[in-house]
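Down below is the structure, laid out as structure tokens.
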Amino acid sequence: MSQNQNRSGDNNLKYAVDIVLCVDTTASMGPTLENVKQSAMSFPNRLAQEMAAKGRGISSLRLKVIGFRDYADCAEDAMVVSPFLRVPDELDSFETTVNALHADGGGDEPESALEALALAIGSDWETGLDRRRHVIVMFTDASAHRLGDPRHTRASTYPQSIPGSLEELYAQWGSGQSRSALVENSAKRLLMFAPESYPWTDIADDWNNTIYFPSEAGEGLEEWEMDQIIATIANSL
């Protein structure tokens, strides 16, 4: 088969991309959050342009937003989770969801980021079409509370599906041979924009299909970082 025939076959494939944005919305994220929101709003068009440049179209693009703070500080607003929103049909709902994020609260420096990551991993991912990419992007300027801490798990709003340790969370993410994973191994990608602290360095060292961008607290999302997200998704399909 010729190279041109191969390219023609690729163009006929149906691509599904699911993306979950986990965004720290505590007070310290104020300047960074605005940059994250602006980048998120431009994300669908930029990804479509990148895929078009490669001669590929996305048949299904769904975006989900998880905003998190701290169950130990204020359990009532510690987590905001949207459903998957299909783009372009539900683009207005996605933009409304992103615009509603605001920086406030958080209490002590560790936040409930691992709970947000757990909810992202447990999403109702697309299982059809020819090729899939399931992407979680984490934006935070802080370390995370350890899972299983009674100060958090006793909160009335604490999700019952959250595992009790980082090791159990990794089992849900899954290794290449895992049978208990909640995410398809060949489809999954985790991109982390986070400081060099627990658990981000541990996850970067131990979890597969993970890309880590160390960042300093209070820094905004740089243009090159969003370019990295777009390229990671487009180049892996």
[Y] and [X], any side-chain heavy atoms less than 4.5 Å apart:
X: I203; Y: T201; result: no
X: L147; Y: I162; result: yes
X: R146; Y: D149; result: no
X: N209; Y: L190; result: no
X: Y198; Y: L166; result: yes
X: S123; Y: D18; result: no
X: N185; Y: V183; result: no
X: F68; Y: M138; result: yes

What distance separates [X] [atom1] from [Y] [atom2], expressed to the nearest 0.5 Å?
X: K64; Y: D124; atom1: NZ; atom2: CG; value: 6.0 Å
X: H102; Y: M29; atom1: NE2; atom2: CE; value: 13.5 Å
X: I19; Y: L191; atom1: CD1; atom2: CG; value: 9.5 Å
X: L101; Y: I66; atom1: CG; atom2: CD1; value: 11.0 Å
X: D202; Y: E167; atom1: CG; atom2: CD; value: 9.0 Å
X: E111; Y: D70; atom1: CD; atom2: CG; value: 5.0 Å

Query raised in the report: Would T157 and E76 count as having a side-chain donor-acceptor pair, cut-off 3.5 Å?
Result: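 Distance-only check fails for T157 and E76.
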
Requested in this report: Establish, from distance only, whether the side-chain atoms of R86 and S60 form a donor-acceptor pair under 3.5 Å.
Outcome: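 Present: a donor and an acceptor within the cut-off.
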
Any donor-acceptor N/O pair, [X] side chain to [Y] backbone, under 3.5 Å:
X: D130; Y: K14; result: yes
X: E184; Y: T127; result: no
X: S165; Y: E168; result: yes
X: S82; Y: V65; result: yes
X: E50; Y: R46; result: no
X: K188; Y: G174; result: yes
X: E126; Y: G128; result: yes
X: S42; Y: S39; result: yes

Do you know the tightest heavy-atom contact between [X] and [Y]?
X: V87; Y: P44; result: CG1-CB, 3.8 Å
X: L21; Y: A40; result: CD1-CB, 3.9 Å
X: W125; Y: I136; result: CH2-CG1, 3.8 Å
X: W200; Y: A144; result: CZ2-CB, 4.2 Å
X: T25; Y: R69; result: O-NE, 3.0 Å

Query raised in the report: Does R133 make a cation-pi contact with Y15 (under 6.0 Å, within 45 degrees of the axis)?
Result: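 Geometry flag: not set, cation outside 6.0 Å or 45°.
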
Query raised in the report: Do V80 and V23 share a hydrophobic cluster, counting only Ile, Leu, Val, Met, Phe, Trp and Tyr and linking them when any side-chain heavy atoms are less than 4.5 Å apart?
Result: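 No, because V80 and V23 fall into different hydrophobic clusters, even though each may have its own neighbours under 4.5 Å.
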
Report task. May I ask whether L129 and V20 are part of the same hydrophobic cluster, defined by side-chain heavy atoms of I, L, V, M, F, W, Y residues being less than 4.5 angstrom apart, directly or through others? Result ->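 L129 and V20: separate clusters.
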
Query raised in the report: Is there a side chain to side chain contact (heavy atoms under 4.5 Å, CB included) between M79 and Y71 once you walk through the steps?
Result: CA-CA 8 Å; M79 201 75 61; Y71 281 102; 3.4 Å; yes

Query raised in the report: For F94, what residues pass the ring pair (Phe, Tyr, Trp, His ring centres under 6.0 Å) criterion, not counting sequence neighbours?
Result: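 Not a single residue meets the ring pair (Phe, Tyr, Trp, His ring centres under 6.0 Å) criterion with F94.
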
Query - salt bridge (Lys or Arg N to Asp or Glu O under 4.0 Å) partners for R189, two or more places apart - result: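 Residues passing salt bridge (Lys or Arg N to Asp or Glu O under 4.0 Å) with R189: none at all.
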
Query raised in the report: Would the W207 and Y170 ring centres measure less than 6.0 Å apart?
Result: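 They qualify: ring centres under 6.0 Å apart.
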
